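Note that the coordinates shown come from a computational prediction; the quantities given were computed from them, not determined experimentally. Residues: numbered from 1 along the sequence shown.
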Amino acid sequence: SKLLFVLALSLFVWGDEPVFNGCSTYSCGSLNPPNTDPNNFNCAQYIPAKDTYTFDTCPNLSHGQMCDISTISSADTQPMKCEMPTLQNQAPGEPCTFNDQCHSSKCMYGKCQGSAVGTACNSQLDCDADSYCPKSSNKCTALPATGAACGIDSECGTNDVCINSKCIRKFTMEDGASLDVHVITACKSGWVKKTVNGASTTYNCAKGPSLKSWQGINSPIRVAKGSMCNYVNSDGDDITEQSICGVSSTDKAFCKVFPGNLESQLETIQNYYQLGVICHVSAGPFCRAALATYPDQYYKAYVAYTLYGNYQGVIEAPSCVQEASPDVKYFDALNYIKAQENAASAKTTMTIGSIVLLLAIAVVLFVMKLMNTYQLTSSKQPNNLFGIDLLP
């Protein structure tokens, strides 16, 4: 009887707690009463009773206000606040307005300045984007060219990676090529096959696994949380991988997307790296200099790279989440691409319309000319036009 009493008590205490078997959901909603001060605005909060993350769009979004959800978790149920981002410790070449925004404390012409080749340095951030700070000399040293000798990746800049002691352009090594380290960004396929044979381990570029029943980027495969997904690997063997939760309004999990399903995206990334834009190693390959020089290629490559690295985090994110996402640049890039496509489509429509109009005008002028010709000759050939008898 005591056991039954304990069981009954436990059901009374814990019986009303919700049990969730699916993934956490993401939704748009109101987290603030009317007329809330924009400087004290709640933008995101985890709701345990629903196992959902709710987002409320920051009121001054257009002025730079943002909701940084990169650290949000179910362990913190307090709402996050909208905030104005502060630039600090920016790398050489990155945008700035004031000196204290730069690591070097030097802001000129809207860009953070670094030290030139030959200048003493303590870290990579001390040097300009076209150089690095080797520990052997602690002097800013020019980045080696593609194919030159190297010891670590930072010596090769942002476009290359140090493989087999040489700077290799990213996403260029063919299938079958051997690597001394496991670095997927070295391979054109975006994938490395690891083979363990006793005490030895080898790495080779190979075609990435492909998700079965794949219908394209905009058709993610959704399954129950914890379900297994079916793939084919580079050897043609069937394999399975566990699904993962993403960012979505439903509690379903995503089947992971591997490089075998992203060939067109990988080609876009390959083309971007071939441009050879010099970005500071701490700023990564998608720096301001790249955006200013090659905006179209920059945005297309950024979208492709995000899909390659974080497909489940962006593909179905609700609009309010997009504005607060750590991958907000992905959604900005998508909007840019769509705007360019719409402009191109409108231009094509206008061009076709202009051609049709010109053809119509040409036809009218041609007919008028024929009628004038007929009127001039009607006294000589009153009953004939273009060889056709008008009267019996």
Exercise for the section: Answer whether the closest heavy-atom distance between the side chains of S319 and C28 falls below 4.5 Å. Expected result: yes
Exercise for the section: Compare all side-chain heavy atoms of H182 with those of V192 and state whether any distance is below 4.5 angstrom. Expected result: yes
Practice task
Of all the heavy-atom pairs spanning T57 and C320, show the shortest one and how long it is.
Solution key: OG1-CB, 4.1 Å
Practice task
Please work out which of the three classes, parallel, tilted or perpendicular, describes the rings of Y302 and Y298, given edges at 30° and 60°.
Solution key: parallel
Problem - Crowding at NZ, K139 (>12 non-hydrogen neighbours, <6.0 Å) - result: no
Exercise for the section: Return the minimal non-hydrogen interatomic distance between K212 and V232, and the atom names on each side. Expected result: CE-CG2, 3.5 Å
Practice task
Under the side-chain contact (heavy atoms from CB on, under 4.5 Å) rule, collect the residues that match up with D296, sequence neighbours excluded.
Solution key: Y336, Q340
Problem - Pairs flagged by ring pair (Phe, Tyr, Trp, His ring centres under 6.0 Å) wherever residues 116-156 is involved - sequence neighbours left out - result: none
Practice task
Evaluate the criterion side chain to side chain donor-acceptor pair (under 3.5 Å) for residue pair N230 and T240; output intermediate values, then yes/no.
Solution key: CA-CA 5 Å; N230 299 313; T240 58; 5.8 Å; no
Exercise for the section: Take S248 and R222 through the side chain to side chain contact (heavy atoms under 4.5 Å, CB included) test and state the conclusion after the steps. Expected result: CA-CA 11 Å; S248 174; R222 309 301 304 279; 3.4 Å; yes
Exercise for the section: Treating Ile, Leu, Val, Met, Phe, Trp and Tyr as nodes and any side-chain heavy-atom pair under 4.5 angstrom as an edge, say whether L307 and V247 lie in one connected cluster. Expected result: no
Exercise for the section: Taking D51 for its side chain and F20 for its backbone only, find out whether a donor-acceptor pair lies under 3.5 Å. Expected result: no
Exercise for the section: Determine, for D175 against K193, whether the closest basic-nitrogen to carboxylate-oxygen distance falls under 4.0 angstrom. Expected result: no
Exercise for the section: Measure the shortest side-chain to side-chain distance between C58 and C67 over non-hydrogen atoms and say whether it is less than 4.5 angstrom. Expected result: yes
Exercise for the section: Step by step, work out the side chain to side chain contact (heavy atoms under 4.5 Å, CB included) result for I163 and V183. Expected result: CA-CA 8 Å; I163 299 293; V183 180; 4.0 Å; yes
Exercise for the section: Please answer whether the main-chain N or O of Q90 pairs with a side-chain N or O of E94 as donor and acceptor at a distance below 3.5 Å. Expected result: no
Practice task
Can you see which heavy atom on C279 is nearest to which on P285, and at what distance?
Solution key: SG-O, 3.4 Å
Completion exercise
For residues 91-116, the ring pair (Phe, Tyr, Trp, His ring centres under 6.0 Å) pairs (sequence neighbours left out) are none
Exercise for the section: Determine yes or no for a side-chain-to-main-chain donor-acceptor pair under 3.5 angstrom, with Y53 supplying the side chain and V321 the backbone. Expected result: no
Problem - ILVMFWY clustering at 4.5 Å (side-chain atoms), partners of I278 - result: none
Exercise for the section: Just do the side chain to side chain contact (heavy atoms under 4.5 Å, CB included) check on V181 and V161 with the steps written out, would you? Expected result: CA-CA 11 Å; V181 287; V161 62; over 6 Å; no
Exercise for the section: Side-chain contact test, heavy atoms from C-beta onward, threshold under 4.5 Å: evaluate it for T71 versus M80 and give yes or no. Expected result: yes
Fill in the blank from the handout: Cluster membership besides M66, Ile/Leu/Val/Met/Phe/Trp/Tyr side chains within less than 4.5 angstrom, sorted by chain and number, is none
Handout entry: Any side-chain heavy-atom pair of C133 and N122 under 4.5 Å
Key = no
Problem - For the student: nearest non-hydrogen atoms of Y311 and S219, plus distance - result: OH-C, 4.2 Å
Problem - Test item: T36 side-chain N/O and F41 main-chain N/O as donor-acceptor pair under 3.5 Å - result: no
Exercise for the section: Say whether L275 and L266 are linked into one hydrophobic cluster, either directly or through other cluster members, by side-chain heavy-atom distances under 4.5 angstrom. Expected result: yes
Problem - N-O pairing of E174 and K188 below 4.0 Å - result: yes
Fill in the blank from the handout: Only one of F258, Y203, F171 passes ring-ring contact (aromatic ring centres under 6.0 Å, His included) with W191, and that residue is F258
Handout entry: ring pair (Phe, Tyr, Trp, His ring centres under 6.0 Å) partners of F55, counting only residues at least two apart
Key = none
Practice task
Can you label the angle between the F286 ring and the Y272 ring as parallel, tilted or perpendicular, going by 30° and 60°?
Solution key: parallel
Problem - side-chain hydrogen bond (donor to acceptor under 3.5 Å, both in side chains), paired with Q124, selected from S282, S131, S154 - result: S154
Exercise for the section: Would you mind reporting whether Q88 and D100 have side-chain heavy atoms less than 4.5 Å apart? Expected result: no
Practice task
Is it possible for you to say whether Y26 and L31 belong to one hydrophobic cluster, with membership spreading through side-chain heavy-atom contacts below 4.5 Å?
Solution key: no
Handout entry: Polar side-chain atom of T268 near backbone of S264 as donor-acceptor pair, under 3.5 Å
Key = yes
Exercise for the section: Please check if L143 and I152 belong to a single hydrophobic cluster, counting links between Ile, Leu, Val, Met, Phe, Trp and Tyr side chain heavy atoms closer than 4.5 Å. Expected result: no
Practice task
Take K170 and N159 through the side chain to side chain contact (heavy atoms under 4.5 Å, CB included) test and state the conclusion after the steps.
Solution key: CA-CA 6 Å; K170 291 179 180 178; N159 296 311; over 6 Å; no
Exercise for the section: Please check if the side chain of T293 supplies one atom and the backbone of A290 the other of a donor-acceptor pair under 3.5 Å. Expected result: no
Practice task
Inspect the contact between K300 and E267 and indicate whether a charged nitrogen and a carboxylate oxygen are less than 4.0 angstrom apart.
Solution key: no
Completion exercise
Smallest heavy-atom separation, R288 atom then G93 atom, equals CB-O, 4.3 Å
Handout entry: Expected output: side-chain S243 to main-chain C255 donor-acceptor under 3.5 Å
Key = no
Exercise for the section: For D237, look at atom CG and say whether over 12 heavy atoms of other residues, nucleotides or ligands are found less than 6.0 Å away. Expected result: yes
Practice task
Indicate yes or no: at least one non-hydrogen side-chain atom of D238 is less than 4.5 angstrom from one of Y231.
Solution key: no
Problem - Side-chain heavy atoms of I221 within contact of L211, under 4.5 Å - result: yes
Handout entry: pair check: C140 + C127, SG-SG < 2.5 Å
Key = yes
Handout entry: ILVMFWY cluster, L291 and L334 together (side-chain gap under 4.5 Å)
Key = yes
Exercise for the section: Taking N164 for its side chain and D180 for its backbone only, find out whether a donor-acceptor pair lies under 3.5 Å. Expected result: yes
Exercise for the section: Please indicate whether K256 has more than 12 foreign heavy atoms, meaning atoms of other residues, nucleotides or ligands, lying under 6.0 Å from its NZ. Expected result: yes
Handout entry: Heavy-atom donor-acceptor pair, D153 side chain to C162 backbone, under 3.5 Å
Key = yes
Practice task
Spell out, as yes or no, whether a donor-acceptor pair under 3.5 Å connects the side chain of Q297 to the backbone of N271.
Solution key: no
